[in-house]
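First comes the structure, then the notes that go with it.
Per chain, numbering begins at 1; letters A, B, ... match sequence-line order.
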Amino acid sequence: MSIWRRKFWRVASFPVIVKPSMGKVRVAENSSFFASEMMENHANNTGSGSPDGRTGSSTEDSKTNLIVNYLPQTMTQDEIKSLFSSIGEVESCKLIRDKVTGQSLGYGFVNYVKPQDAEKAINTLNGLRLQAKTIKVSYARPSSQAIKDANLYVSGLPKTMTQADLEGLFEAHGRIITSRILFDPVTGQSRGVGFVRFDQRVEAERAITELNGHIPKGATDPITVKFANNPSQNHAKALQQAAYLAPARRYLGPMLHQTARFRQALLSNYLRYSPMGADPMGVGNIPNGGTGFCIFVYNLAPDTEDSVLWQLFGPFGAVTNVKVIRDFQTNKCKGFGFVTMAHYDEAVVAIAQLNGYCLGGRVLQVSFKTNKAHKN
DNA sequence: TATTATT
């Protein structure tokens, strides 16, 4: 097999293009193909090695459990499991999603049966390029309250400050897990802001105390150091997105903050006035293997991503699966997709709200999926 | 002045 054939991964139904950069390709022994680029980014290497040397935890470090970061937004749990199963038997795999919108948070966990497979996965898959992302594979630290909310947002940095400089400034206050300086993609200039994630929250707290308002050597202005916003509770962004998607016609934002009880009230109201109230299951809609109710979405644009469906339907309740149907050759959306929702009442409201919804100049048709190709 | 690292 040539090196170029190795560039093309097929993981289940998910073809993944792997781009080895600079011809720097490693091929693992005892394995059909692995293209892996070792990270040159310091941030992505930090903390990816031995889990030893930690402080403040009595829990023993797992030698089989891995955390996978910087996953492409569209990658599903099944695809992750497929990819990591190419190394060895995977005991469990979990993609972390936003509780409200169902969107991938870009990281997950893979627990192997054998420690040597976990080690091999780090050596082989860390630094792998998937779509526009370079994934990071490292040992998961034992979960605890002490390691949560240890991510700092730093602003007011001198434009000349490098990532190494940043770490040099913060490393005295604890073990740095990751750090990053944000750059303008056009000019390539530092935006003067960045992030530093510590192992322990107390370390982050100490760094704030010591470094907020500090003037770096050679600089004139003080830096600001504070806790970074937590993405999983940042629904303001989702709200903005919903407002953007519904310019004038329907404003979905408030739905994000409604309780299940309010949704139930909406449902009662809806069923009272809807013809569907008489036939609540719709035509031929059967709970999909017990995982939920399948919804057919028609008139999607060719460039539609799965994430759009998550964003559209997530505000109405628990979305368990979405799928944009694509042309095998072009990979463009064929104009429709499916969304599975866990609860019937939420699916009903979502359909009622989104059928006729205008998305990118197209009027969507949304209904429960029917079994027949034609209905009357 | 904001990316997505703890189930």
| field | Donor on one side chain, acceptor on other, A:Glu167 and A:Ser179, under 3.5 Å | value | yes
| message | If I take atom OH from residue A:Tyr139 and atom OG1 from residue A:Thr64, how far apart are they, to the nearest 0.5 angstrom? | response | 9.0 Å
| request: Round to the nearest Å and state the distance from A:Leu105 atom CG to B:dA2 atom P. | output: 20 Å
| Atom-pair distance (CZ on A:Phe195; C1' on B:dT1), nearest Å | 9 Å
| query | How long is the gap from OG1 on A:Thr160 to CG on A:Asp165, to the nearest 0.5 Å? | reply | 7.0 Å
| Sugar-phosphate only, base, or nothing, as touched by A:Tyr107 at under 4.0 Å among non-hydrogen atoms | sugar-phosphate
| Length of the line joining A:Leu166:CG and B:dT1:C1', which is rounded to integer Å | 15 Å
| query | Of A:Phe198, A:Phe227, A:Phe195, which meets side chain to side chain contact (heavy atoms under 4.5 Å, CB included) against A:Asn151? | reply | A:Phe195
| query | Contact class for A:Lys133 vs. all strands (heavy atom < 4.0 Å): base, sugar-phosphate, or nothing? | reply | sugar-phosphate
| remark: Between A:Arg197 and A:Val193, the residue closer to the 5' end of DNA chain B by nearest nucleotide is A:Val193
| Is any side-chain N or O of A:Arg191 closer than 4.0 Å to OP1 or OP2 of B:dT1? | no
| task | Look at the side chain of A:Asn229 against the base of B:dT3 and say whether a donor-acceptor pair falls under 3.5 Å; ignore hydrogens and angles. | result | no
| Within this structure, what is the CD1-to-P distance between A:Ile147 and B:dT6, rounded to whole angstrom? | 7 Å
| said: Using whole Å, what does the distance between atom C1' of nucleotide B:dT7 and atom CD1 of A:Ile67 come to? | reply: 9 Å
| Does a distance-only test, which skips hydrogens and angles, find a donor-acceptor pair under 3.5 Å between the side chain of A:Arg141 and the base of B:dT6? | yes
| note | A:Lys99 atom NZ is separated from B:dT4 atom C1', nearest whole Å, by 15 Å
| said: Distance check needed: B:dT6 P versus A:Arg201 CZ, whole Å only. | reply: 12 Å
| task | Write down the distance between CD1 (A:Ile181) and C1' (B:dT1), rounded to a whole number of angstrom. | result | 14 Å
